[in-house]
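For reference, the structure is listed below as structure tokens.
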Amino acid sequence: MTANKRIVLSSDHAAIEMRQAIADHITAKGWEAVDIGPQTPESTHYPAHGEAAARRVASGDCALGIILCGTGQGIMMAANKVKGIRCGVCSDVFSAQMIREHNDANMLSMGARVIDTPRALEVVDAFLDAEFEGGRHGTRVDMIKAIEA
């Protein structure tokens with residue numbers, strides 16, 4: 001686990017309740033939740049929320065990020081445009097574990113219209129409990145990083 005215990009959370013309007021439940025959950029696990037998402041249900045634009053969270057991770061202000069929208073896809077696409085971000089959409093425990101162990105993902109995206117909150121918390125736990133394995137996976141992550149150059 002990283003020494004920086006800060007996780008940035010953001011979402012669009014579709015995932016406010018799930019984001020808040022995740023913030024409470026990770027706080028109980030000893031992480032500091034940095035919630036920068038909207039607080040009211042008025043429609044918001046997921047690209048802005050994905051970018052803002054990604055910039056907090058890319059700068060080192062937060063070690064990891066968890067972002068949400070209706071499907072998790074659009075906000076993930078926006079986050080991945082920020083240099084240094086490796087974000088994947090997950091709706092199952094295995095995928096969340098693998099994006100950390102094999103891809104050194106530093107952000108997790110989920111869809112509030114795809115999975116329910118209890119499953120989302122399981123996915124978050126798998127993401128946070130996994131560690132990058134390095135080795136042959138490090139070579140592949142380096143190849144991903146080279147694409148950004």
Side-chain angles (χ1 to χ4, degrees), residues 1-2 4-133 137 140-141 143-145 147-148:
M1 184 182 310
T2 180
N4 179 346
K5 298 279 290 180
R6 294 167 53 90
I7 299 176
V8 63
L9 293 105
S10 196
S11 71
D12 67 2
H13 57 281
I16 293 171
E17 288 182 26
M18 183 178 284
R19 188 188 78 238
Q20 291 169 338
I22 292 168
D24 292 343
H25 182 73
I26 65 172
T27 299
K29 292 179 67 83
W31 291 88
E32 179 185 349
V34 180
D35 189 340
I36 63 170
Q39 301 298 316
T40 61
E42 287 81 23
S43 181
T44 61
H45 301 296
Y46 61 79
H49 297 291
E51 178 188 6
R55 294 212 181 276
R56 298 290 285 265
V57 174
S59 74
D61 178 52
C62 295
L64 300 168
I66 300 173
I67 53 178
L68 306 105
C69 66
T71 64
Q73 299 292 344
I75 200 166
M76 175 272 301
M77 290 177 191
N80 276 324
K81 296 293 184 182
V82 175
K83 186 174 182 174
I85 297 303
R86 288 174 307 284
C87 182
V89 177
C90 297
S91 57
D92 64 273
V93 167
F94 177 75
S95 295
Q97 178 183 346
M98 289 297 104
I99 67 170
R100 290 283 295 139
E101 290 180 0
H102 290 192
N103 309 119
D104 198 19
N106 48 17
M107 292 186 75
L108 167 67
S109 182
M110 293 182 288
R113 295 179 180 145
V114 177
I115 61 174
D116 61 15
T117 299
R119 170 62 58 93
L121 298 179
E122 292 173 359
V123 171
V124 166
D125 286 345
F127 180 77
L128 296 179
D129 292 344
E131 293 185 23
F132 182 53
E133 292 179 354
H137 305 297
R140 295 167 185 156
V141 170
M143 292 172 73
I144 294 169
K145 291 177 183 177
I147 295 169
E148 293 178 334

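Although no hydrogens or angles enter the test, the distance criterion places no donor-acceptor pair under 3.5 Å between the side chain of Arg56 and the main chain of Gly65. Here the side chain of His13 pairs a donor or acceptor atom with the backbone of Thr44 at under 3.5 angstrom. Arg100 contributes a side-chain N or O that, together with a main-chain N or O of Ala105, makes up a donor-acceptor pair within less than 3.5 Å.
With rounding to the nearest 0.5 Å, the separation of CZ in Arg119 from CG in Asp92 is 7.5 Å. Put simply, CZ on Phe127 and CD on Gln97 are 12.0 Å apart, with the number rounded to the nearest 0.5 Å. To the nearest 0.5 angstrom, Gln39 atom CD is 5.5 Å from Gln20 atom CD. Of the inter-residue distances, the one linking Glu133 atom CD with Asn103 atom CG reads 10.5 Å to the nearest 0.5 angstrom. Annotation: the span from Cys69 atom SG to Met77 atom CE amounts to 9.0 Å, rounded to 0.5 Å. With rounding to the nearest 0.5 angstrom, the OG atom of Ser11 is 12.0 Å from the CD1 atom of Ile66.
Considering every non-hydrogen atom in both Trp31 and Asn4, the closest pair reads CZ3-O, 3.8 Å. Taking both residues in full, the closest heavy atoms of Ala53 and Met107 are given as CB-CE, 3.9 Å, listed atom of the first, atom of the second, then distance. Shown here for Ala120 and Ile115, the closest heavy-atom pair between the two residues is CA-CD1, 3.6 Å. What you find for Gly72 and Ser109 is that their closest heavy atoms are O-OG, 2.6 Å. The two atoms that bring Thr71 and Val114 nearest to each other are CA-CG2, 3.9 Å, heavy atoms only. Contact record, Ala54 with Ala79: CB-O, 3.7 Å, taken as the closest heavy-atom pair.
In this view, Glu17 satisfies the salt bridge (Lys or Arg N to Asp or Glu O under 4.0 Å) rule with no residue, not counting sequence neighbours. In this view, Glu32 and Arg6 satisfy the salt bridge (Lys or Arg N to Asp or Glu O under 4.0 Å) rule, not counting sequence neighbours.
Side-chain contact between Ile22 and Ile7: absent, with no pair of heavy atoms (C-beta onward) separated by less than 4.5 Å. Looking at heavy atoms from C-beta onward, Ile75 lies in side-chain contact with His49 at the 4.5 angstrom threshold. Side-chain contact between Met18 and Leu68: present, with at least one pair of heavy atoms (C-beta onward) separated by less than 4.5 Å. With a 4.5 Å cut-off on side-chain heavy atoms, Asn106 and Ile85 count as touching. The closest side-chain heavy-atom distance from Met76 to Asn80 is below 4.5 Å. Residues Ser91 and Val123 fail the side-chain proximity criterion, which asks for heavy atoms closer than 4.5 Å.
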**Asked** Going through the checks in order, is the side-chain contact (heavy atoms from CB on, under 4.5 Å) test met by Val8 and Arg55?
**Response** CA-CA 10 Å; Val8 63; Arg55 294 212 181 276; over 6 Å; no
**Asked** Can Leu9 and Ile26 be said to form a side-chain contact (heavy atoms from CB on, under 4.5 Å), step by step?
**Response** CA-CA 10 Å; Leu9 293 105; Ile26 65 172; 3.6 Å; yes
**Message:** What verdict does the side-chain contact (heavy atoms from CB on, under 4.5 Å) test give for His137 and Asp104, after you've listed the backbone C-alpha separation in whole Å, the side-chain angles of each residue and the deciding distance to 0.1 Å?
**Reply:** CA-CA 8 Å; His137 305 297; Asp104 198 19; over 6 Å; no
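The neighbour count for Lys29 NZ, taken as heavy atoms of other residues, nucleotides or ligands under 6.0 Å away, is above 12.
Here Glu148 does not pair with Lys145 in a salt bridge; the nearest charged N to carboxylate O distance is not below 4.0 Å.
Screening Asp24, Asp35, Asp12 for a salt bridge (charged side-chain N to carboxylate O under 4.0 Å, His left out) involving Arg19 leaves a single residue, Asp35.
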